[in-house]
Amino acid sequence: MKFRKVLIANRGEIALRIIRACRELGIGTVAVYSDADRAALHVLEADEAYRLGPAPAAESYLRGNLILDIAHKTKADAIHPGYGFLSENANFAEACEKARVKFIGPPSSAMRALGSKTSARQVADSVKMPRTPGSVKGLASLEEAHAVAAEIGYPVMLKAAAGGGGKGMRAVFFANELASAFAAAASEAERAFGSGEVYLEKLVERPRHIEIQVLADEHGNCVSLGERECSVQRRHQKVIEEAPSAIVDEDLRSRMGEAAARFAKSAGYTNAGTVEFLVDEAKNFYFLEMNTRLQVEHPVTELVTGLDLVHLQIHIAQGGKLPFKQEDIRLRGHAIECRIYAEDPENGFFPSPGKITRLLQPGGPGIREDSGIYEGWVVPMEYDPMLSKLVGYAQNRNVAIRRLLRALDEYVIGGIRSNLNLFRTILRDQDFQSARIDTGYLDRLLAAKTITQTSAPEREEIVAIAAALFESMKPVNGDPSNSPVNGRTSNWKQAARREALRA
Amino acid sequence: MKFRKVLIANRGEIALRIIRACRELGIGTVAVYSDADRAALHVLEADEAYRLGPAPAAESYLRGNLILDIAHKTKADAIHPGYGFLSENANFAEACEKARVKFIGPPSSAMRALGSKTSARQVADSVKMPRTPGSVKGLASLEEAHAVAAEIGYPVMLKAAAGGGGKGMRAVFFANELASAFAAAASEAERAFGSGEVYLEKLVERPRHIEIQVLADEHGNCVSLGERECSVQRRHQKVIEEAPSAIVDEDLRSRMGEAAARFAKSAGYTNAGTVEFLVDEAKNFYFLEMNTRLQVEHPVTELVTGLDLVHLQIHIAQGGKLPFKQEDIRLRGHAIECRIYAEDPENGFFPSPGKITRLLQPGGPGIREDSGIYEGWVVPMEYDPMLSKLVGYAQNRNVAIRRLLRALDEYVIGGIRSNLNLFRTILRDQDFQSARIDTGYLDRLLAAKTITQTSAPEREEIVAIAAALFESMKPVNGDPSNSPVNGRTSNWKQAARREALRA
Amino acid sequence: MMVQLEVNGELRRVELVPDELPGRLRAVLDGEKETEIQAHLLRPGVLSLHIAGKAYRCVLEEGPEGTVIHFAGTRIPYRIDDPRSLKSRRSRAGRHEGPKAVTAPMPGRVIRVLVNKGDEVQAHQGIVVIEAMKMQNELKSPKAGRVIELRVQPGGTVAAGEVLAVVD
Amino acid sequence: MMVQLEVNGELRRVELVPDELPGRLRAVLDGEKETEIQAHLLRPGVLSLHIAGKAYRCVLEEGPEGTVIHFAGTRIPYRIDDPRSLKSRRSRAGRHEGPKAVTAPMPGRVIRVLVNKGDEVQAHQGIVVIEAMKMQNELKSPKAGRVIELRVQPGGTVAAGEVLAVVD
């Protein structure tokens, strides 16, 4: 069945990216938006647009029933949830199934089986997928925690079963720390996810975060599209992602890919998904969790495989078979993604919403930017601070790094702060350039050096002159026509007036 | 030898594209510009910039001696000529050689051997490369013309030896037309190229224009990077280029590639070059000419090979060996380039220089745009009308077409006219979509249908309302603050003022 | 407020009735057709309209030939119908009689002038040849008649929209 | 013309002497250093400077915290040194004495107020917690002293650059 119309239940760059894919496939698009997003590009570019409510997500993008109502009203055949918001909400997926609106993602059953980390660990065992030693269900008591920890040996990691983003997580190095850590993790998990269930696993030292992209159709076919390395993280949040990983060879890639595909199939998984692993220094990989949706970082996989994952998601959701086999997948070149955030790395990474008063975006060969921003856009304070995903592709990792540094020099974001300088620092760092990275790499780097911009006296002299010239063009400082700066007058206007008088 | 600094002897998108490549390779850049280009992006983005002279090319971009002087003054190690201007000027290449400034391109000797079409045809014979039947030197007299034509049989084609862009070209179908055509072609060639030398070849009916990209290093290695099909032409000017060609299979590709590489090597060719062929309906290929420079359409080859041709040009000019062998070259996906021109297809393709008063550029996955324009840029009247190269890449030709159509809908160029609608027409045309194209295709299409935009009453109603709303925001039509349009006020300014009062 | 315009040559009357909510309004077209509208200006010249759930992007172009709105891949010219403007009066008077101008569609250099003042010319007869962007373009007479004005000579440069000659 | 400004906290005097050629000028910095300059504004806020052959891109940012120039990957704030402005006088008076404000680095919602008016606080002691973009951020006192003003209460929203409290 071919979709005539798809509702995009999301905002920002991913909503725009999905709208573009639908347009390319000849499918109509319905955007939804909160009051903070009336002027957003996804609202401008969609065929139809409907208001959800006030800015807070709970009153807008998380209102599943309202979104389903709009889908019915607009006769949309399907809903694409993007990432975040309702994308991993099994109840919403089930509501779509009941309402006969296709949810572009896995069935709610698979989402449930893999959504909780403890039950996902049980599935991993059932298909003999390596995972970190530890419990496969929630810890009933502190005593049980002590028992498990003693069995697997310290250091251990306490994690929230419903967890994500580092919340409800505690590393424990000695038995006498366990009690307080257990209490803290449980209450933090309770507050963050409404479930205090925590479990315990062996702490992997200096792990790399490496994940496998899988695609499964509804006819039992499943392929893996290679790995992404996401070891550059700040406080358990991904900052840079790349494909391929510098340490993954063909053999490891096929073993991880095979395990991930087997895992997904065993849970009846369909559509696009990502199986996350920790990889230790001996290149052993351990199952971490599965993300049952499209990932923020999917573009790096698209660039090295030459495929379009959103096109394929829609194809699969329409009931289509995967148009290729595992052996048809060939990786070529190297792609690196930088998550450009509205935050100030020079000032404690304070978030920085507000109006973008000046925007010069980079371009040129090998640069892909997925963003939903423009000069004049007011970045809302209610949502995550991602402004854009700047992706560099090149024949190899080294050139991709230099290409991104070139693009960062072209990039100007004014009016709000951004973390552009964070990426200058990382991409120039020796350890990053030689791929000596693990999930602790960035926090160590930031502890060692603060992100400050290099300033030099001659720079300040040029800036003083530039500032004076900008001021000379402002009417408040006298007659702008006396400014020595050239290029301020538009030459057609006079011509137009001349012509008007004559006509 | 690694270059420290490169002078880019060109303007527009190609100058910017070369500057970006140099920056990625850690090489300093020197831009040159005419008075019409002071505000051009290549002048803004280079490390150094020097004025050449007034707008006309003869007084600026064609002043080889001045450009060499600037190269010396700035201690540039090399000059990249781009395409057009001095790029195929053997005397300039030789002057660079004498001045010990590396010309990023072939040696002047190879340029001379291949520059003239007649001598190039002799080289083709020497390496047994198929070419169209006909003369291999200029026709001494009308008698000789009659003799050759009679020998190869009508219809025949008269061409200028120094020719290009369709000038000095005449198709002749009957002997009694030959005399006048001969005279006309010769005088036109004399006017256009300062040489009246014309030759005669068999006219290939409904040919496809298919060219092979070659790369040769200075150590005797030469590879071909597959073909580009450029059959969509208007009056012998390329309008759309794509890679791969829909009619070229592996066997034909390797035979054409092998012939092209052999041809280039035989003339001592180095760096990037393109061997152009005509391919008839039986898929026989005939040598047409060689372009001894980087081509406008090189991006489509970059997208399907995953290589960066400008990086490779610089690598070769530095004396580097080709970093891959022929068998390493793998084509993946399909790329199509549209040449966006400042011309009005709805009005006889009148050129349309002037100020770009509004610019919305497309983006998103699979879209690459090489351009040097921006909102406010005044497109000069002195140079060719190319504004931008809009390139779509996708897993196959069909998706690439739909992707370009999507991008065209996002694209707005205001203040001057552009040929965006020409591409909408072509990309939607059944014959183009099924790749039934030859060098006469577009002229036939344009004769059949004029490029007009579909208008509909409800559209005009919406536009009337939009126009009224735009007018309601103009002070001349009353107080803009009474306009019902939302989103005009910037919300930080008040805050800033508030703050200023307080501080 | 009431706005009178000429859209694609058609006279239009648009009444804009603001709603209390910002960006919401009613528009009455030609005194009859009424529509609920939501209008938001994203940045100068880029207007987002929502009408009955449908979303439209309208982009304003201001250039030498006047104002144009880019909408769904089409360029639709409009002109505010200002009684003071000679253009408007003339357009209402009907475009088809009276002297007509040969105007430059683009800036360029005058290469050749093909007629003299006072010449009788045919409709579509070449009047002036202008070069721009390495192309020569012959500008033709809009009607049959007599060349009553000739404002250019070879070698001169002209601006877009500039009147080169008048034929009556 | 003569322009007085504060660049990165440093006082600068720039004299601009136009040349007869458009876009060409001499700049005299702090009354001594003289340079030949070519200046061209590409579009609002984007200035191309040529100085002794070198090309520079200077981009102007105007925001709640004032004016900044983006240059070679760095943000360098400047302020025109206007004798009428309290700020300037204060900055000349030296930044290190007198009452200091706790200002919001970004717009957001006030989650908690950690002090009361009149409280003695240490330097870097938390004053207010603001939430924006799903993150809570504690704003700290710029100096040791007494809270002489407290302008916010929990639940309220604040604009970037807004003064939340003053410590003296």
Side-chain angles (χ1 to χ4, degrees), chain B residues 57 341-344 346-355 357-358 360 375 379-386 408-417 420-421 424 453-456 459-474 476-478 482-488, chain C residues 1 3 5 7-8 10 12 14-19 22-25 27 29-30 33 35 37-43 45-49 51 56-64 67-76 78 80 105-109 131-135 137 157 159-160:
Chain B
Y341 279 9
E343 64 183 14
D344 186 356
E346 286 155 44
N347 182 16
F349 289 89
F350 265 152
S352 181
K355 182 172 188 146
T357 58
R358 190 75 63 211
L360 276 67
E375 194 168 285
V379 181
M381 66 168 94
E382 288 81 4
Y383 313 113
D384 75 45
M386 190 159 74
L408 287 167
D409 283 341
E410 294 178 15
Y411 215 147
V412 173
I413 302 174
I416 60 174
R417 301 304 178 87
L420 291 175
N421 277 330
R424 287 196 178 88
Q453 47 193 27
T454 54
S455 195
R459 281 188 174 186
E460 301 202 348
E461 291 181 356
I462 292 159
V463 168
I465 291 165
L469 288 166
F470 277 120
E471 291 298 323
S472 75
M473 290 182 270
K474 291 187 184 164
V476 291
N477 302 322
N482 295 338
S483 167
V485 177
N486 195 15
R488 280 155 295 109
Chain C
M1 69 188 285
V3 186
L5 343 111
V7 178
N8 239 359
E10 299 266 315
R12 295 284 196 173
V14 185
E15 190 186 357
L16 304 172
V17 187
D19 183 286
R24 294 176 178 278
L25 64 136
L29 195 63
D30 300 328
K33 190 165 183 191
T35 36
I37 291 166
Q38 239 208 69
H40 198 103
L41 189 76
L42 272 64
R43 55 184 192 86
V46 181
L47 183 65
S48 163
L49 290 186
I51 303 175
Y56 304 102
R57 183 187 72 176
C58 301
V59 181
L60 175 66
E61 161 183 350
E62 297 171 287
T67 43
V68 174
I69 284 177
H70 291 255
F71 177 77
T74 64
R75 302 175 76 254
I76 302 185
Y78 81 90
I80 185 139
M106 70 289 189
R109 287 205 173 68
E131 181 175 273
M133 296 177 147
K134 299 153 75 182
M135 283 179 273
N137 310 278
T157 65

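Lettering follows sequence order; numbering is per chain, from 1. The basis for the numbers below is simple: all heavy atoms, side chains too, and nothing from hydrogens, waters or symmetry mates.
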Max heavy-atom pairs within cutoff under 4.5 Å with chain C, candidates I413(B), N347(B), L408(B), goes to I413(B)
Per-residue tally against chain C (heavy atom, under 4.5 Å) across A467(B), G354(B), A342(B) peaks at A467(B)
Smallest heavy-atom separation, L25(C) atom then P18(C) atom, equals CB-CA, 4.0 Å
Heaviest contributor of heavy-atom pairs below 4.5 Å to chain B, chosen from A27(C), S48(C), G108(C), is G108(C)
Bottom line for L420(B): the part with an atom under 4.5 Å from chain C's heavy atoms is neither
Most heavy-atom pairs under 4.5 Å with chain C, out of E343(B), R417(B), R424(B), belong to R417(B)
Okay, I51(C) and chain B: the region with an atom under 4.5 Å from a heavy atom over there is side chain
Honestly, the part of L5(C) sitting under 4.5 Å from a heavy atom of chain B is side chain
Given V68(C), L47(C), V7(C), the one with more heavy-atom pairs under 4.5 angstrom with chain B than any other is L47(C)
If one checks every heavy atom of E15(C) against chain B at 4.5 Å, the contacting part turns out to be neither
Under a 4.0 Å threshold between the charged nitrogen and the carboxylate oxygen, would E375(B) count as salt-bridged to K355(B)? no
query = Is there side-chain contact between M135(C) and D384(B), with at least one heavy-atom pair below 4.5 Å?
reply = no
Partner of C58(C) under side chain to side chain contact (heavy atoms under 4.5 Å, CB included), picked from I76(C), L41(C), L49(C), is L49(C)
(Q) Checking side-chain polar atoms at under 3.5 Å, does E131(C) have a donor or acceptor matched by the opposite partner on N137(C)? (A) no
From the list L360(B), D344(B), V379(B), the residue making the most non-hydrogen contacts under 4.5 Å with chain C is L360(B)
CD1 (I69(C)) and CD1 (I462(B)) are apart, to the nearest 0.5 Å, by 11.0 Å
Rounded to the nearest 0.5 angstrom, the CD-CZ distance for E61(C) and R358(B) is 9.0 Å
